[in-house]
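Working notes, structure below.
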Amino acid sequence: MSPRDASVVLTGAAGGLGSAIARRLFEEGACLLLVGRSEAPLLTLARSLSVGARDRSRVDALVVDVTTDAGRAAVIDAAGARNANVLINNAAVAAFGPAQALQSEAARRLMETNVVAPMMLTAGMLPMLLTRPRAQVLNIGSTLGSLGVPGFSAYAASKAALRIYSEALRRELADSCVRVQYYAPRAIDTPFNSPEVQAFNEETHSASDSPEKIAQGVSRLLQSGSTQRYAGGFEAIAARLNGLFPEWLDGAFAKHRRALKSLKFPNGASS
Ligand SMILES: NC(=O)c1ccc[n+]([C@@H]2O[C@H](COP(=O)([O-])OP(=O)(O)OC[C@H]3O[C@@H](n4cnc5c(N)ncnc54)[C@H](OP(=O)(O)O)[C@@H]3O)[C@@H](O)[C@H]2O)c1
C-alpha cells in the first residue's frame, strides 16, 4: 500500500525505531495514530510532525499501555475514528542475561508486551480492517525470533511467538483484504539495548543498523506487500539456515557464551 493511502496505528511510536518509522511514513504522506506509554516524548513527536504540515489532523497521539484491556480498547476506538487500515505492532520490551537470572515479573511483562498485546490489538482491530478495501498488519519481530542466541532466551521466545503468530495469521487471512507482514531487524542503535547488550554486541561483533535504515525497510515492506523481510544479508541467511538445520549452527555460539559469562549485570546475576 502506498503511504499516501495508509492510515496507520503505530505502537511504541516514541521509541527509537517507532519515531523513525513515524517520521518516514509521515514524510511519505501517511496519516498516523501514534500510540505509546510515555506522554512527553509521544506528544513532542506528534507536535514535531504536525509543525509545518498542511493538514495537522494527519497525526494524532494516544497515551496508553498496550498491555491493558482498557489501553487496547482506547486504541481500537481511536483507530476506528481515523479509518485506520494499517496496524504496525512495534512496541516491545527487552530482556537479556543468563537464563537463570530471569524473574517471573519480567517474564510476564515480556510476554504481555511482545506477544499478548500485538495479538489482542490485532484481534480487536480485525473486524474493522476486514471492512476496508485493503488493509495491512505489520509485526516488528527480530532476527532473534528465528535464531536463538545465548543471553536472549526469553526475548527470542517472545519474538519467535510473534513470528509464528504472523505466519499463521497470514495464512488464515490469505483470501481476505488484510495482508499480514513480519519484519525482522538485526540489532538497531536505540535505547532498547542496555549497556550490557551493547558490550555483548561489540564482543561478538554483531552488526547493527540505524533506526532510519530500518524505518526505510518498514516503509518498503508496507509498499511492496511482501510477507516478510529480514534486515542484514548474513543474518537473513543464518535465520533461514537455522530453520532448516538448527544443529549445524550450535557450534557457532562459543564466543557468545564467553561474552555472556564475562558480563556483570546490575542485579548481580552472572552465568
Ligand atoms: N533495538 C534493537 O536492537 C532491536 C532489534 C530487533 C528488533 N527490535 C524491535 O524493534 C521494535 C522497536 O524497538 P526499539 O529499539 O525502538 O525500542 P525502544 O526504543 O525501547 O522503543 C520501544 C517503545 O515501545 C513502547 N512500549 C513498551 N511497552 C509498552 C506498553 N506496554 N504500552 C505502550 N508502549 C510500550 C516504549 O514506550 P516507553 O518508552 O514508554 O516504555 C517505547 O516507546 C521492538 O519490537 C523491538 O523488539 C529492536
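Scope of the values below: all heavy atoms of this structure, side chains included, with no hydrogens, waters or symmetry mates.
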Provide the full list of salt bridge (charged side-chain N to carboxylate O under 4.0 Å, His left out) pairs with a residue in [range], sequence neighbours left out, each pair given once.
range: residues 91-113; answer: Glu105-Arg108
range: residues 14-36; answer: Arg24-Glu28
range: residues 168-180; answer: Glu167-Arg171

Might you work through the side chain to side chain contact (heavy atoms under 4.5 Å, CB included) test for Leu62 and Leu34, ending with a clear yes or no? CA-CA 6 Å; Leu62 184 65; Leu34 308 175; over 6 Å; no

Only pairs under 3.5 Å count here: list side-chain donor-acceptor contacts from residues 80-91, not counting sequence neighbours, and write none if there are none.
unit_1	atom_1	unit_2	atom_2	d
Arg82	NH1	Ser57	O	3.3
Arg82	NH2	Leu32	O	3.3
Arg82	NH2	Ser57	O	3.0
Arg82	NH2	Arg58	O	3.1
Asn85	OD1	Ser7	N	2.7
Asn85	ND2	Asp5	O	2.9
Asn89	ND2	Thr122	OG1	3.3
Asn89	ND2	Asn139	OD1	2.9
Asn90	ND2	Thr11	O	3.1
Asn90	ND2	Gly12	O	3.2

Ring pair (Phe, Tyr, Trp, His ring centres under 6.0 Å): pairs with one or both residues in [range], sequence neighbours excluded:
range: residues 35-87; value: none
range: residues 42-70; value: none
range: residues 88-110; value: Phe96-Phe152, Phe96-Phe200, Phe96-Phe265
range: residues 210-234; value: none

Run Val197 and Asn201 through side chain to side chain contact (heavy atoms under 4.5 Å, CB included) and show every step you take. CA-CA 6 Å; Val197 172; Asn201 285 347; 3.7 Å; yes

Counting heavy atoms not belonging to Gln198, are there more than 12 under 6.0 Å from its CD?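 Yes, because the 6.0 Å sphere around CD of Gln198 holds more than 12 heavy atoms from other groups.
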
Tell me, yes or no, whether the heavy-atom count around Gln216 atom CD, taken from other residues, nucleotides or ligands under 6.0 Å, exceeds 12. yes

Can you check side chain to side chain contact (heavy atoms under 4.5 Å, CB included) on Leu244 and Arg240, steps first, answer last? CA-CA 7 Å; Leu244 291 174; Arg240 286 188 160 82; over 6 Å; no

Of Asn114, Val149, Val93, which is the lone residue that meets side-chain contact (heavy atoms from CB on, under 4.5 Å) with Tyr155?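 Of the listed options, the one satisfying the test is Asn114.
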
Where the side chain of [X] meets the backbone of [Y], is there a donor-acceptor pair that is under 3.5 Å apart?
X: Ser176; Y: Val178; value: yes
X: Arg163; Y: Gly145; value: yes
X: Ser19; Y: Gly15; value: yes
X: Lys213; Y: Ala231; value: no

What distance separates Ser224 OG from Met1 CE, expressed to the nearest 0.5 Å? 12.0 Å

For the OH atom of Tyr182 and the NZ atom of Lys159, what is their distance to the nearest 0.5 Å?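 Between Tyr182 OH and Lys159 NZ, I get 7.0 Å after rounding to 0.5 Å.
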
With sequence neighbours excluded, give me every side chain to side chain donor-acceptor pair (under 3.5 Å) pair touching residues 66-79.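 Found Asp65-Thr67, Asp69-Arg72.
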
Could you name each residue pair satisfying side chain to side chain donor-acceptor pair (under 3.5 Å) that touches residues 241-256, not counting sequence neighbours?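 Every candidate side chain to side chain donor-acceptor pair (under 3.5 Å) pair involving residues 241-256 fails, so no pair, neighbours aside, qualifies.
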
Contacts of Ala156 meeting side chain to side chain contact (heavy atoms under 4.5 Å, CB included) (sequence neighbours excluded), chain-then-number -> Leu144

Please tabulate, for side-chain N and O atoms in residues 184-191, each donor-acceptor pair with protein atoms closer than 3.5 Å (sequence neighbours left out).
unit_1	atom_1	unit_2	atom_2	d
Arg186	NE	Asp209	OD2	2.9
Arg186	NH1	Glu235	OE1	3.2
Arg186	NH1	Glu235	OE2	3.4
Arg186	NH2	Asp209	OD1	3.0
Asp189	OD1	Ser208	OG	2.7
Thr190	OG1	Phe192	N	3.2

Any donor-acceptor pair under 3.5 Å linking the side-chain atoms of Gln181 with those of Gln136? yes

Checking Leu126 against Leu169 for the side chain to side chain contact (heavy atoms under 4.5 Å, CB included) test, could you report, in this order, the C-alpha distance in whole Å, the side-chain angles of both residues, the deciding distance, and whether it holds? CA-CA 11 Å; Leu126 267 180; Leu169 186 68; 4.2 Å; yes

